[in-house]
Amino acid sequence: MRIARFSIDGNVAFGAVEGDPSEPDTLAIDIIKGIPFAEFELSGTKVPLSKVRLLPPVLPSKVVAFGRNYAEHAAELGNEVPDAPFAFFKPSTSVIGTGDPVPYPAFSAELHHEAELAVVIGRMCREVPRDRVAEVILGYTCANDLTARDVQRTEKQWARAKGFDASCPLGPWVETDMDLETAAALAITCTVNGELRQAGRTSQMTHAIADLIVNISEAMTLLPGDVILTGTPAGVGPLNVGDEVAVSIEGIGTLTNKVIKRG
Ligand code: MG
């Protein structure tokens, strides 16, 4: 099931997206009664996707992002692949949805895209054993770990470089019919104005999805709706005002955002 969060006529709801994403006219949302983190029912009330505004598919209490988890990407920035996973935070205020604009951060002159597979946590958990990781996952979506690369080079902590407003586009929806094995073998791409910039496969991750969730849940409780970013393949590069950046992941969908001048 593809679970979206959306607004229509000022009301916000979750819904199941039905239809063929390659034919947008066929897409409709069946409104969910309740929330997707518990037992829920489809209402049977369907709205054409074109009539709604898609919102970030979840409102995470935290986004935990793992760095340098693809060897070729670590190398392109002159970094070693870490022996153990290492994580940083992106704040809840960095999250936006597909179609939302990204104001170019005022304190940077080097905004970069990073296409990533995002894992959405489905239930409260901590100290998750490796063989039970699948139980805590609601599904998967696309993410763009937008980065002020110049600031990342000069500041030891990445709170500003990777935590600025709109630095975490998520969407378009959460695909819940996907097991860990499938999620570990997906094509992931990033285009800018239609030009291919990143093309990788989630099988190239150094530390597997399950290991990332074991690692972070050793330290902290994960809540329903929390999001884990799993690292980016090689090919990161600059974005300019006016650019349209799109992250596509096989079996999930496409997350598209435009960079605008900060007002
Ligand atoms: Mg990243």
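Order of appearance sets the numbers: ligands from 1, and atoms from 1 within every ligand. Just so it is clear, the model here is predicted, and its values are computed rather than measured.
Here the Mg ion (ligand 1) has protein N, O or S atoms under 2.8 Å from it, and they come to 3.
Rounding to the nearest 0.5 Å gives a distance of 9.5 Å between OG of S248 and CD1 of I188. Between the CG atom in L146 and the CG atom in L111 there is a gap of 5.5 Å [rounded to 0.5 Å].
No option in R153, Q152, R149 other than R153 meets the side-chain hydrogen bond (donor to acceptor under 3.5 Å, both in side chains) test with E110.
Hydrophobic clustering of Ile, Leu, Val, Met, Phe, Trp and Tyr side chains at less than 4.5 Å, counting indirect connections, unites I29 with W173. Taking hydrophobic clusters as Ile, Leu, Val, Met, Phe, Trp and Tyr residues chained together by side-chain heavy-atom distances below 4.5 Å, L255 does not share a cluster with L55.
The pair D100-R53 meets the salt-bridge criterion, with a side-chain N (NZ, NE, NH1 or NH2) lying under 4.0 Å from an Asp/Glu carboxylate O.
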